[in-house]
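It should be emphasised that the depicted structure is a prediction, and the values quoted were computed from it without experimental measurement. Count residues from 1 along the sequence.
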Amino acid sequence: MKIALCLCPQWSLITPSFALGSLSAALEHDGHETEQIDLNLLSAYYLGNERELFWRFSHTEGPIMDGRKLQQNLEDVVKIFEKFWDSWIDKMSKFDAVCFTTYETNILITDYIARKIKQINPKVQIWYGGPHCIDSEKGGLIATRDGKKYYREFVDVGCGLNEGEIIIRDLANNYELNQNYDGVKGVWIWDRIAPSFPTALPEGRSGRKPVYTGNLQIMKLNDLDSPTWSKEVLDGYTRIRYIDRYSNDFGPDLTVPIQGSRGCTFKCTFCSETRMYRYRSPEKIAGD
């Protein structure tokens, strides 16, 4: 399969996304073709190279994209970036599947991008994963706006687990062979693949229902492939350090994330990371 891995604004620009690198390595391990589209990073440069122009959009302190203000400012932001995003939306519509990493701070723009892809090509499979899906109902297939529930009909799969490397390989392998997700564990899918609408409908409107495919066996972190980032992504983060070299948030050199463990030993009720704690061996971490 030809799969795009996309991160939408807004999210951190301090390091490349671990998800893009790790999921890409997992898919390529099974022979799938991937492209990493860090739209969060690319959008930082859209208005120019000076700090005051891109900083307001992509940095966590940016006034336009402040997560608390995004709902009311989304239309204004779309007006600024619509033509730029449309070029990437058109490109992603030609993939077999597009996988989005979702956060509370980027879910509205992710929904906007994903819906437009589905409008252009209803056959593209849209997969959601990440922290927003962990905290959302039915793995992110259901959205809540102003106290009302809407089905994200344009999303084909919602992943609410942090075992994305296993899941995304199973999704790609099963769909490539069978055009369905039978046998894939750990995800929310629809009881019927079609019709897949490029919109969000009130609960039950389409007649489809979200179905959980069953628990996934917890993976051993030592089995993970080392994350790999594309040259374009690494060059972009190197460039942003040069542009913003006087910021306290960025060091002088490019840094990439590593993962030593998953889960947490504490059991805080408010935290999505209260899960089984696992860790990688020091030898495996050093080998990365």
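Pairing each heavy atom of Thr34 with each of Ser24, the nearest pair is OG1-OG, 3.0 Å. The two atoms that bring Ile134 and Gly160 nearest to each other are CG1-O, 3.4 Å, heavy atoms only. In plain terms, the two heavy atoms of Val124 and Ala97 that are nearest each other are CG1-CA, 4.2 Å. Across all non-hydrogen atoms, the minimal contact from Glu165 to Ser22 is OE2-OG, 2.6 Å. What you find for Leu20 and Cys6 is that their closest heavy atoms are CD2-N, 4.1 Å.
Put simply, the side chain of Pro257 reaches to within 4.5 Å of the side chain of Pro16, judged on heavy atoms. You'll find the side chain of Leu234 reaches within 4.5 Å of the side chain of Val256, heavy atoms only. Considering only heavy atoms from C-beta on, Ser12 stays 4.5 Å or farther from Tyr103 through its side chain. Looking at Tyr151 and Arg208, their side chains never come closer than 4.5 Å, going by heavy atoms from C-beta outward. The closest side-chain heavy-atom distance from Lys116 to Met92 is not below 4.5 Å. Put simply, the side chain of Ile120 does not reach to within 4.5 Å of the side chain of Lys94, judged on heavy atoms.
The distance from atom CG of Asn40 to atom OG of Ser17, rounded to the nearest 0.5 Å, is 9.0 Å. Taken to the nearest 0.5 Å, the CD atom of Gln179 stands 11.0 Å off from the CG atom of Asn174. Rounding to the nearest 0.5 angstrom, the gap separating the CD atom in Glu35 from the CG atom in Leu5 is 9.5 Å. If you take SG on Cys8 and CG on Leu42, they are separated by 10.5 Å, rounding to the nearest 0.5 Å. Note: Ile37 CD1 to Leu7 CG = 11.0 Å, rounded to the nearest 0.5 Å. Distance NE2/His32 to NZ/Lys2: 15.0 Å, rounded to 0.5 Å.
Pro122 meets the side chain to side chain contact (heavy atoms under 4.5 Å, CB included) test with no other residue; sequence neighbours excluded. Shown here are the side chain to side chain donor-acceptor pair (under 3.5 Å) partners of Asp96, two or more places apart in sequence or in another chain: there are none. Every residue two or more places apart in sequence or in another chain that forms a side chain to side chain contact (heavy atoms under 4.5 Å, CB included) with Thr102 is listed here: Phe100, Asn106, Ile107, Thr110, Tyr128, His132, Cys133. Under the ring pair (Phe, Tyr, Trp, His ring centres under 6.0 Å) criterion, Phe95 pairs with no residue at all, not counting sequence neighbours.
Using modelled atom types, one finds no donor on one side chain facing an acceptor on the other under 3.5 Å when comparing Trp127 with Tyr175. Side chains of Tyr181 and Asn178: a donor-acceptor N/O pair is absent below 3.5 angstrom, by distance only.
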Enumerate donor-acceptor pairs with a distance under 3.5 Å from any side-chain N or O in residues 183-190 to protein atoms, sequence neighbours excluded.
| residue | atom | partner | partner atom | Å |
| --- | --- | --- | --- | --- |
| Lys185 | NZ | Thr213 | O | 3.3 |
| Trp190 | NE1 | Val155 | O | 2.8 |

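Residues Tyr212 and Ile166 are members of one and the same hydrophobic cluster, defined by side-chain heavy-atom contacts under 4.5 angstrom among Ile, Leu, Val, Met, Phe, Trp and Tyr. Both Ile142 and Tyr112 sit in one connected hydrophobic cluster of ILVMFWY residues. Membership requires side-chain heavy atoms under 4.5 Å apart, directly or through other members.
A donor-acceptor pair under 3.5 Å links the side-chain atoms of Asn121 to the main chain of Ser93, judged by distance alone. Proximity of a side-chain donor or acceptor of Glu232 to a complementary backbone N or O of Gln36 within less than 3.5 Å is not detected. At least one donor-acceptor pair under 3.5 Å links the side chain of Ser87 to the backbone N or O of Phe84. In this structure, the side chain of Asp156 engages the main chain of Ile126 through a donor-acceptor pair within 3.5 Å. In this structure, the side chain of Arg115 does not engage the main chain of Phe154 through any donor-acceptor pair within 3.5 Å. When atom types are taken as modelled, the side chain of Thr105 and the backbone of Gln10 share a donor-acceptor pair closer than 3.5 angstrom.
The aromatic rings of Trp85 and Phe81 sit parallel, their planes meeting at an angle under 30°, below the 60° perpendicular limit.
Pairs passing the salt bridge (charged side-chain N to carboxylate O under 4.0 Å, His left out) check and including a residue from residues 169-182, sequence neighbours excluded, read Asp30-Arg169.
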